[in-house]
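Below: the structure, in structure tokens.
This is a predicted model, so every value here is computed, not measured.
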There are 2 protein chains.
Amino acid sequence: MDVPTPLDAPADCRSVSEVLSRVGDKWTMQVVVTLRDQPRRFNDIKRQVGGISQQMLTRTLKTLERDGMVTRTVCATTPPQVEYALTALGRSLSEPVRELAQWARAHLATIHDNRSQYDADR
Amino acid sequence: MDVPTPLDAPADCRSVSEVLSRVGDKWTMQVVVTLRDQPRRFNDIKRQVGGISQQMLTRTLKTLERDGMVTRTVCATTPPQVEYALTALGRSLSEPVRELAQWARAHLATIHDNRSQYDADR
DNA sequence: CGGGATCCAGTAGGATACTG
DNA sequence: CAGTATCCTACTGGATCCCG
């Protein structure tokens, strides 16, 4: 237990890739961030995220619930109310993602520039 | 400029999602980690990663090169030698990813358990 | 050795309409 | 309000063969 975080073993790489591809889809992180401060209801999330269809929001929330990142609470009223909230696991994810967000903000423009230049050179 | 890292604005969410989905594919992180310590040649990377086809390695490396994360150096010898190395940008990415790797190691088993339980309950 | 070209299957994302 | 059910398109991952 000397090296802080090897990130060398193939098993680790696959774990990282698995997590990255899990949360790297189009909507998951936006939903997680939307739920970070307070629980919200379905159409509330839908408005906050913007541009997401009911279908994709349903899928995203169901997958998050399945992974134990989000809880789903149904109030048997009419009209029905369903409230979604982050679990501790879901909140804990937002910490390392915050780091990545900083990196994204700092370097995304550079990446886009690199792409433009690469494409122009051919 | 009070809050350290808001991660609230929709624009930020999209940046994060863009980066996550960019590096969240099946092979990118494994290639980056393989190149982290020293430059390597094509088939060397292929052996290190394991299970990747030439096609996918070619695509992955080309995309990394386009984004300015990897340099491609051709030695005009016979047989040709092509060496790939991480750029500073590529190396800087491995830092926040290291954080996410720790999270992955710590919580991946829990997530898998949650999935099993969720699937069993229906 | 280091790819390019082609073809193919599976899945992610999305539009729309309908339901309890 | 909060979904479910269809249907469709585009992209990802991969296998195979060919080339300098």
Side-chain angles (χ1 to χ4, degrees), chain A residues 13-14 16-32 34-35 39-67 70-85 115 118-119 121-122, chain B residues 13-14 16-32 34-35 39-67 70-85 115 118 122:
Chain A
C13 298
R14 283 184 232 108
V16 177
S17 289
E18 182 179 343
V19 169
L20 283 171
S21 61
R22 165 64 190 88
V23 302
D25 65 2
K26 191 168 182 179
W27 303 111
T28 293
M29 283 317 304
Q30 298 190 51
V31 170
V32 168
T34 299
L35 291 175
R40 290 180 187 275
R41 289 168 51 190
F42 188 87
N43 281 324
D44 190 6
I45 302 171
K46 189 171 185 305
R47 271 185 299 273
Q48 289 287 325
V49 172
I52 189 172
S53 64
Q54 316 101 320
Q55 171 75 291
M56 287 311 298
L57 183 53
T58 300
R59 290 186 196 177
T60 302
L61 286 170
K62 191 170 292 181
T63 309
L64 282 169
E65 188 195 358
R66 186 168 103 105
D67 286 357
V70 156
T71 57
R72 181 174 180 273
T73 310
V74 182
C75 302
T77 58
T78 46
Q81 296 193 357
V82 183
E83 200 168 66
Y84 293 92
R115 285 182 192 168
Y118 183 92
D119 294 345
D121 288 356
R122 49 171 305 277
Chain B
C13 297
R14 282 184 232 108
V16 177
S17 290
E18 182 179 343
V19 170
L20 283 171
S21 60
R22 165 65 189 88
V23 302
D25 65 3
K26 191 168 180 178
W27 303 112
T28 294
M29 283 317 304
Q30 298 190 49
V31 170
V32 168
T34 298
L35 291 175
R40 290 180 187 274
R41 289 168 50 191
F42 188 86
N43 281 324
D44 189 7
I45 301 172
K46 190 172 185 302
R47 273 185 297 274
Q48 289 287 325
V49 172
I52 189 174
S53 64
Q54 314 102 321
Q55 171 75 297
M56 287 313 297
L57 183 53
T58 300
R59 288 188 198 176
T60 303
L61 286 169
K62 191 170 291 179
T63 310
L64 283 170
E65 188 196 356
R66 186 168 103 105
D67 287 357
V70 156
T71 58
R72 182 175 180 272
T73 310
V74 183
C75 302
T77 59
T78 46
Q81 296 192 356
V82 183
E83 201 168 66
Y84 294 92
R115 285 182 192 168
Y118 183 92
R122 47 173 307 278

> So which of residues 57-65 of chain A are in contact with DNA chain D, with a heavy-atom cut-off of under 4.0 Å?
Replying inline: A/T58, A/K62

> Rounded to the nearest 0.5 Å, how far does CD of B/Q54 lie from CZ of B/R59?
Replying inline: 11.5 Å

>> With rounding to the nearest 0.5 angstrom, report the OG1 to CH2 distance, B/T34 to B/W27.
In response: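 CH2 of B/W27 is found 10.5 Å from OG1 of B/T34.
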
> side chain to side chain donor-acceptor pair (under 3.5 Å) with A/D44: which of A/R41, A/R47, A/R40?
Replying inline: A/R40

Specify the closest pair of heavy atoms between [X] and [Y], including all atoms of both residues, with the distance to one decimal.
{"X": "B/V74", "Y": "B/R72", "answer": "CG2-NH1, 3.5 Å"}
{"X": "A/L20", "Y": "B/G24", "answer": "CB-CA, 3.7 Å"}
{"X": "B/L35", "Y": "B/Y84", "answer": "CD2-O, 3.5 Å"}
{"X": "B/V31", "Y": "B/L61", "answer": "CG1-CD2, 3.8 Å"}

> Which is it for B/Q30 and B/T60 under the side chain to side chain contact (heavy atoms under 4.5 Å, CB included) test, yes or no, and what are the steps along the way?
Replying inline: CA-CA 10 Å; B/Q30 298 190 49; B/T60 303; over 6 Å; no

>> For chain B and DNA chain D, what are the first and last nucleotides along the strand, 5' to 3', with at least one atom under 4.0 angstrom from a heavy atom of the protein chain?
In response: D/dG13 to D/dG20

> Would A/F42 and A/T58 count as a side chain to side chain contact (heavy atoms under 4.5 Å, CB included) if you check the C-alpha gap in whole Å, the side-chain angles of each, and the deciding distance to 0.1 Å?
Replying inline: CA-CA 8 Å; A/F42 188 87; A/T58 300; 3.6 Å; yes

>> Below 4.0 Å from chain A heavy atoms, what is the first contacting nucleotide of DNA chain C and what is the last?
In response: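 Range of nucleotides within reach of chain A: C/dG13 to C/dG20.
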
>> Side chains of B/R22 and B/T63, heavy atoms from C-beta outward: is any pair under 4.5 Å?
In response: yes

